[in-house]
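What follows is a set of notes on a single structure, which appears directly below.
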Amino acid sequence: MADRNEIRDTFFLECEELLEALDDGLREIDGLISTENQDPETVNAVFRAVHSIKGGAGAFGLEDLVEFAHGFETALDFLRSGKLVANAEMLRVFYRANDRLLDLVGAARDGEILDPAESSDVLAALETMTAEITKDMPSDTPISFEPMSLDFDFEAVVTADAPGDHTNYRIRLTPKTALYIHGNDPAHVIRALRDLGQVRVAIDPTTIPSFKDCTAGQTHITWDMNFETEEPEHVLFEVFDFVESDCVLQIEPVDAAPDAIQLASSAQDLEKEPPAEPVNPDDSAAVSLSLVPPAAKPASSVAAPKRATVRVDLERVDRLINVVGELVINQAMLAQCAENAGITSRDVFATGLEEFKQLSREIQESVMAIRAQPVKSLFQRMARIVREASASTGKSVRLVTEGEATEVDKTVVEKLADPLTHMVRNAVDHGLELTVPRQATGKPETGTVTLSAAHRSGRVIIEISDDGQGIDRDKVRQIAFEKDLIPEGAELTDSEIDNLLFLPGFSTADQVSNLSGRGVGMDVVKSAIHTLGGRVSISSVPGQGSTFTISLPLTLAVLEGMVVDVAGETMVIPLSAILETLRPGHDAVHTLGTGDQVVSIRGTIVPIVDLAAAFGLRSAETYDAARVLLLVETEGNQICALVVDRIFDQRQVVIKGLEDNYGHVAGVVAATILGDGQIALIVDPDTVFENLQPIQIAPERLYASEG
Amino acid sequence: MALQVLAVDDSRTIREMLTSCLTSAGCEVVVAQDGVEGLERLSGAQPDVVITDINMPRMNGFEFISAVRSGEQNRHVPILVLTTESADDLKHRARSAGATGWIVKPFDELKLISAIRRVAT
């Protein structure tokens, strides 16, 4: 059985879903404002989301949350009943309430207490909205709220009342047919009275017609009761709560003794149960009248719930992923052994091994899927950032999201929040123009920030674009020069200028480690994405806007790689970076005056980088045609040709991080264990290339072995 | 024999709370997440008490109660409505839809059991 803490977990988990539904719903409502024709089901769903949060919060005594949700719900109820019509101003308040609700839920979960000022502000704004309506219809209060119900609070009542103060009542109850139709029974009332005091019951025989006048389905009995209790009157009335509208009821306090006698004389044995009630009411909780035949027990007739979920400790999942990683290595090792033993691919063993390989890959994918999460929650958080940035800059901004269902590793979703926040804020802050210049250039007054996610060739691509002014390259150049990041008169391509934004020290403000703070450089964003195995690039068109593209691996645990030989060392190049492999003829390779070599491929000149030389495994040599060139694309969309000695294989490798033990090694992302037990470094083409670029902005960042 | 309860609520939290409270009180609990599912659970079964929320997607509590009352098998089953509002208006609507009684949220075990005791035979 679930204990309270587990239910609490469920509540917060459910809150996340409800808040997501709320956000979705509000945006849908927002989109339909102009039509003045809302989908009632959407409005209902939005109402229900807030209502359910309130309900759950009440159960856990989260008063702040209850109070706020109640205010929000009241306004939504007006919308639902059509007393309010959605407009842009109203939606702004609803969004704000939505954000506040999110904060309150978060605070409740983490046991924090928020400054009540924002709640009061939002509640006041909500109230202003509804006050207009309520003042016209003062009698109509659709929801009267009582945070703690007193209906059943027996203890409080008992202590408030002096003990031993007996009161006698005479009660006369004539049920209508509806009482039975509604599933009630006078026996229930009698039983409830017994719980509260002494009750003597009789049927008034004068009300029973002769047998021939009895009609099936009609009620004919009137009950007379004498009730003696210490409970206050309202507790007594509560007993009749459920039946009062379905019966004729008289309750009057009387002087004790005489009435009891009078009542007793009127008919039957008072201690016996009424004939219609064969079960001893005192055992009621344990006894069931409507016995269910064993074959038709509800439990067995119940279909499986549609969306079954299991909550699993993340640590367990990670352990599983780790073991599956080992399994993949083990499978590679077996394959290697089989090859060494000279087993042919037609052998039964080889077939079995192939099957094993497929199965382990399937297991791996299934395990990865456990950690996968849609980026939707991340994008929804960005909606809020846009709203806040829009409010603080006074720019009118619309956020468009695409591909919200795209799934990414949970860690990626979590760690991407900060960089994305920063980039989205930048897009509003620096990317979009103010309203007046926008109008002047004939753009729509409202700027658009687009967030999109998609799977592309084994990676996740997230783009943040705006339709603003684009990067002011002259200004960027000027700042970079002033900060001593580029020499005067340096020849830079547009893309190189754009990439200056990512340089440490470019930011105009002091460096702060807190990403979500203001004035933090894009270099922090870049390195945050880098630690996720991702890359970020910029493209910008003056006057039309900028696009930041983040490319991330689907998982942080395995990588599809090409296993190569670099001067006798086995290394792995991520397949996602490789565009093609080639062996050019000598006439395609040219040596420049600086000693740098380039290769011309279909009319494009591409610099050649000898990996072995870059890692200091041998001194730079001229390109040897026996070697292979791997054409790789870097995050700056630049292409470079890496020289390797030989290609061994293409396979999935398990990533084993090096950073914990060695720190960051330029040119290397991680290591892996190959099938034969050998350890191979996984090359990071970006940093290899970056450090060998012809334009060296920060010379101290070069390899010692270079040159 | 244990009292059999069908609990209908779209909130997973509330479903879990009801199940937890009721099972610890010795009841057998079957849950459903809306009126449609509630009716499915009722077909072929005869619980002793039905507890239902009002605000639910697909089929709300009022519609659910009416459907139960107009059915054959469980037309007399006691139905308790779970509500956050103690407003009379809501009680009357529940009543006219055919509810037997109501439980005002937030509820605790005591409140739940005492409400069930008042309607279950």
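As the structure is a computational prediction, the values presented were derived from the model and not from experiment.
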Using a strict cut-off of less than 4.0 Å between a Lys/Arg side-chain nitrogen and an Asp/Glu carboxylate oxygen, indicate whether A:E14 and B:R15 qualify as a salt bridge. no

Thinking salt bridges, do A:R48 and A:E41 make one under a 4.0 Å N-O criterion? yes

Check: B:Q4 main-chain N/O paired with B:D48 side-chain donor or acceptor under 3.5 Å: yes

Checking B:R69 against chain A: side chain, backbone, both or neither under 4.5 Å from a heavy atom? side chain

With a 4.0 Å cut-off on N to O distance, would you call B:E37 and B:R41 a salt bridge? yes

Heavy-atom contact with chain B under 4.5 Å, split by part of A:Y180: backbone

Is B:L80 in contact with chain A via its backbone, its side chain, both, or neither, using a 4.5 Å heavy-atom distance? side chain

Counting only non-hydrogen atoms closer than 4.5 Å, does B:D10 touch chain A with its backbone (N, CA, C, O), its side chain (CB onward), both, or neither? both

